[in-house]
Amino acid sequence: MDIRNIAIIAHVDHGKTTLVDQILQQCSVFRDGQQVRERFMDSGDLERERGITITSKNFAVQYGDTRINLIDTPGHADFGGEVERVLKMADGVLLLVDAFEGPMPQTRFVLQKALQLNLTPLVVINKVDRPAARPEEVLDEVFGLFVDLGASDAQLDFRGVYASGRDGWAVDEMSDERKNLEPLLDKIREHVPAPVHQDGPLQMLVAAMDHSDYVGRIGIGRVVRGELRAKQAVTLVKRDGRLVKTRATRVYTFENLGRAETDHVVCGDICAIVGMEEVDIGDTVADPETPEPLPLIAVDEPTLSMNFMANNSPGYGTEGKYSTNRQLRERLHRELERDVALRVEDTASSDTFRVSGRGILHLSILMETMRREGFELMVGQPQVIYREIDSRKAEPVEELTVDVPDEHTGTVIEYAAARKGEMIEMTPRDGRTRLLFHIPSRGLIGFRSHMLRKTGGEVVMHHRFYQYELFKGSLPQRLTGSVISIGNGAAVAYALDALQDRGRFFIAPGEVLYTGQVIGENTRDDDILVNAQKAKQLTNVRASGTDKKANLAPPIKMSLEELLEYIAQDECVEITPKSLRLRKLLLDENDRKREAKRRQAL
């Protein structure tokens, strides 16, 4: 069988999933006249809401006599663990680059991973019909990126097309007739190498996992050597070296958007196996007579950690189904089976778990998923993970790209410099300026929300891990304190109106509060305790003009990522299926004072 295995990689929002839609349409995956939603491969609710790909998906299309196994990968560096493992299944990569924006931080990140695996690249300059597109310049920038990343001579001789994924056409030259995506599919068939056939005992690396309520765990990977047959006895070589004898009950290949059961899978094809209860990502499915492991999937280490805690706020368990530390532990360890970039450690406290990941987005997607499943939990302030280099403290540094209108350039440079950022490059273009910084990961916590406020929402930011560098010194902390509730019960408009000169509020009248909940931001740098439940004392005497109507400013509503960036060291975010609340770790004021004295004594 003529097979091509290719992964699609790109920066966030460069049109990858939209191009996949058109490939599916033109390869007759859907019936004529069938109504198909946009961004069909973004199947999860979170993916569709945010407009980003979070988990990789496998599908296959038939083009002539060739079956093309396509892997749709995430574009955000926080989900790099997904990219690193699924690239093991591919022989080539389809690199999409926006014809206006050019190579961005995540473009460099995903391409670097592909070149390290010696995959054959195909370049698609996408959105060439966009106003102000500059396809020829972008192609030169892509070539420069290949050179910077140390591509081989064969990889530098890449093939490419110009395309509009939304309109469904690709051309070899800008002057060619714009009809369909056949030029791109022809390039895949001609220039991506077919899988190398290796005879010998079975070897298959499990690079992805799926789950079914009917058949249990499903291992997905590529047959590297030999053949795999249904009902065949196999041995799982675990990552820790253990050997587990099992059986491949059923074997499926990918066909269009689904899977087709087959009796055997040839070397080089991508398949799914059912029946192995102990299978995990990174395991090798091998012949029982010669259980030889394949090289493990190399994954970059996490750079950010947070404490996940069982919810102990007043009223816990009233909004969610799962709120105990045992349920929290089981859910986090279940996530480890699917996400190779995640780390979970126990702490001295039985109800607190230290969870490490690639960034705030990586961890917040996990929190949002758990929240929708019915979990209640609390999470503490994000902390970067330090290392030692030559017996000296080192911290992770990110490559930050900021795109802002020209009039806000000074604001961004000044704020980045205050957070130990070093400007590397400044490129003005069409009324906007692109700034490139190397900035500590600590400096990025809260950076986006601050810049959105300062630029009126016109800033566009992207970042990726760059390298570990020596510790750059302390950073300025949050300049505002917290407004804390000292009572339990519903907030009253009369009390909030009287307290407006003390700060800005995160809550609206009628919301039920508890002691120790953070309900607003103080105008000064210290915390303040307020009684938001105080109602007006009523008498039977009334006079015209003495009653005034409360004129309250609308409350500030922050997303989960903004809340995680906002909280101080002694605060946490309470996450339930219905609410997101800020609170102090220690709810009682006397406990907080004792803890402050203890810290000072240290």
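All residue numbers in this chain count up from 1 along the given sequence.
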TODO: For Asn5 and Asp91, run side-chain contact (heavy atoms from CB on, under 4.5 Å): C-alpha distance rounded to whole Å, both residues' side-chain angles, the deciding distance at 0.1 Å, then the answer.
DONE: CA-CA 6 Å; Asn5 299 320; Asp91 297 296; 3.5 Å; yes

TODO: Any ring pair (Phe, Tyr, Trp, His ring centres under 6.0 Å) involving residues 321-349? Give me the pairs, sequence neighbours left out, ordered by first then second residue.
DONE: Tyr322-Phe375

Open item on the list: Does any part of the side chain of Val355, heavy atoms only, come nearer than 4.5 Å to the side chain of Met306, both counted from C-beta?
Closed with: no

Task: Side-chain donor/acceptor of Asn126 to backbone N/O of Gly165, under 3.5 Å - done: yes

Open item on the list: How close do Gly317 and Glu376 get, counting heavy atoms only, and between which atoms?
Closed with: N-OE1, 2.8 Å

Task: Charged N-O contact under 4.0 Å between Arg343 and Glu345 - done: no

Open item on the list: With a 4.5 Å cut-off on side-chain heavy atoms, are Glu319 and Ser579 touching?
Closed with: yes

Open item on the list: Under a 3.5 Å cutoff, is there a donor and acceptor pairing between the side chains of Arg354 and Ser305?
Closed with: yes

Task: Any side-chain donor near an acceptor of the partner, Glu278 and Thr246, under 3.5 Å - done: no

Open item on the list: Is it true that Asn58 and Asn69 share a donor-acceptor pair across their side chains at a distance under 3.5 Å?
Closed with: no

- [ ] Identify whether the distance between the nearest side-chain nitrogen and carboxylate oxygen of Glu373 and Arg331 falls below 4.0 Å.
- [x] yes

Open item on the list: Please find the pair of heavy atoms, one from Ala248 and one from Leu228, that lie closest to each other, and give the distance.
Closed with: CB-CD1, 4.3 Å

Open item on the list: Treating Thr318 as the side-chain partner and Gly315 as the backbone partner, does any N or O pair qualify as donor plus acceptor under 3.5 Å?
Closed with: yes

Task: Distance in Å, Trp169 CH2 paired with Lys179 NZ, rounded so as to fall on 0.5 Å steps - done: 13.5 Å

Open item on the list: Just checking Tyr252: does its OH atom have more than 12 heavy atoms from other residues, nucleotides or ligands closer to it than 6.0 angstrom?
Closed with: yes

- [ ] Please identify each residue that fulfils salt bridge (Lys or Arg N to Asp or Glu O under 4.0 Å) with Arg371, with sequence neighbours left out.
- [x] Glu368

Task: Ile575, Leu363, Leu563, Leu366 screened by side-chain contact (heavy atoms from CB on, under 4.5 Å) with Val379, the one that passes - done: Ile575

TODO: Compare all side-chain heavy atoms of Arg229 with those of Val251 and state whether any distance is below 4.5 angstrom.
DONE: no

- [ ] Sequence neighbours left out, what passes salt bridge (Lys or Arg N to Asp or Glu O under 4.0 Å) with Arg259? Give chain and number order.
- [x] Asp210

Open item on the list: For Thr249 versus Gly275, what's the shortest heavy-atom pair and its separation?
Closed with: OG1-CA, 3.4 Å

Open item on the list: Applying salt bridge (Lys or Arg N to Asp or Glu O under 4.0 Å), can you list everything that pairs with Glu399, at least two apart in sequence or on another chain?
Closed with: Arg464

Tell me which donor-acceptor pairs under 3.5 Å the side chains of residues 114-125 have, and how far apart each pair is, sequence neighbours excluded?
none

Task: Arg225 (side chain) donor-acceptor with Pro201 (main chain) under 3.5 angstrom - done: yes

Open item on the list: Would the distance check show the side chain of Arg217 and the main-chain N or O of Glu277 forming a donor-acceptor pair, the cut-off being under 3.5 Å?
Closed with: yes

- [ ] Work out which heavy atom in Pro291 is nearest to a heavy atom in Ala286; give both atom names and the distance.
- [x] CA-CB, 3.7 Å

TODO: Evaluate the criterion side-chain contact (heavy atoms from CB on, under 4.5 Å) for residue pair Ile8 and Val93; output intermediate values, then yes/no.
DONE: CA-CA 6 Å; Ile8 305 176; Val93 289; over 6 Å; no

Task: Partner set under salt bridge (Lys or Arg N to Asp or Glu O under 4.0 Å) for Arg326, not counting sequence neighbours - done: Glu330

Open item on the list: Please check this pair: side chain of Arg4 against backbone of Ile68, looking for a donor-acceptor N/O pair closer than 3.5 Å.
Closed with: no

Task: Any donor-acceptor pair under 3.5 Å from Gln203 side chain to Glu292 backbone - done: yes

Task: Met276 and Val244, any side-chain heavy atoms less than 4.5 Å apart - done: no

Open item on the list: Nearest 0.5 angstrom please: Asp283 CG to Leu294 CG, how far?
Closed with: 11.0 Å

Open item on the list: Test your reading of the model: is there a side-chain donor-acceptor pair from Asp287 to the backbone of Glu289, 3.5 Å cut-off?
Closed with: yes

Open item on the list: Taking Lys231's backbone N and O only, do any of them form a donor-acceptor pair with Arg247's side chain (distance below 3.5 Å, no angle check)?
Closed with: yes

Open item on the list: Can you confirm whether Met204 sits close enough to Val234 that some side-chain heavy atom of one is under 4.5 Å from a side-chain heavy atom of the other?
Closed with: no

Task: ring pair (Phe, Tyr, Trp, His ring centres under 6.0 Å) partners for Phe254, two or more places apart - done: none

TODO: Can you sort out the partners of Ser441 under side-chain hydrogen bond (donor to acceptor under 3.5 Å, both in side chains), two or more places apart, ordered by chain and number?
DONE: Glu398

- [ ] Side-chain contact test, heavy atoms from C-beta onward, threshold under 4.5 Å: evaluate it for Met309 versus Ser349 and give yes or no.
- [x] no

Task: Which residues share a side-chain hydrogen bond (donor to acceptor under 3.5 Å, both in side chains) with Gln381, sequence neighbours left out - done: Gln383

- [ ] Only counting residues at least two apart or in another chain, list the ones meeting side-chain hydrogen bond (donor to acceptor under 3.5 Å, both in side chains) with Thr66.
- [x] Asp2

- [ ] Find out whether Leu236 and Thr284 are in side-chain contact, i.e. whether some heavy atom of one side chain is under 4.5 Å from a heavy atom of the other.
- [x] no

Task: Taking every non-hydrogen atom, the tightest pair across Met461 and Leu444 - done: CE-CD2, 4.5 Å

Task: With Phe158 via ring pair (Phe, Tyr, Trp, His ring centres under 6.0 Å) - residues at least two apart - done: Phe146

Open item on the list: Is any side-chain heavy atom of Met89 closer than 4.5 Å to one of Leu205?
Closed with: no

Task: Spacing of CD1 belonging to Ile71 relative to CD1 belonging to Ile9, to within rounding of 0.5 Å - done: 11.0 Å

Open item on the list: Looking at every non-hydrogen atom in both residues, tell me the closest pair between Thr576 and Arg581 and how far apart they are.
Closed with: CG2-NH1, 4.3 Å

Task: With sequence neighbours excluded, residues passing ring pair (Phe, Tyr, Trp, His ring centres under 6.0 Å) with Phe353 - done: none

Open item on the list: Distance check, rounded to the nearest 0.5 Å: Thr352 atom OG1 versus Leu377 atom CG?
Closed with: 11.5 Å

- [ ] List the steps and the verdict of side-chain contact (heavy atoms from CB on, under 4.5 Å) for Tyr468 and Ile385.
- [x] CA-CA 10 Å; Tyr468 269 85; Ile385 299 173; 4.2 Å; yes

- [ ] Determine, step by step, whether Met104 and Thr401 satisfy the side-chain contact (heavy atoms from CB on, under 4.5 Å) criterion, reporting the C-alpha distance in whole Å, the side-chain angles of both residues, the deciding distance to 0.1 Å, and the verdict.
- [x] CA-CA 8 Å; Met104 296 291 281; Thr401 301; 4.2 Å; yes

Task: Distance (rounded to the nearest 0.5 Å) between Thr290 OG1 and Leu202 CG - done: 8.5 Å

Open item on the list: So, taking the atom named CD in Glu182 and the one named NZ in Lys187, what distance separates them when rounded to the nearest 0.5 Å?
Closed with: 12.5 Å

Open item on the list: Donor-acceptor pair, distance only, cut-off 3.5 Å: does the side chain of Arg159 make one with the backbone of Asp157?
Closed with: yes

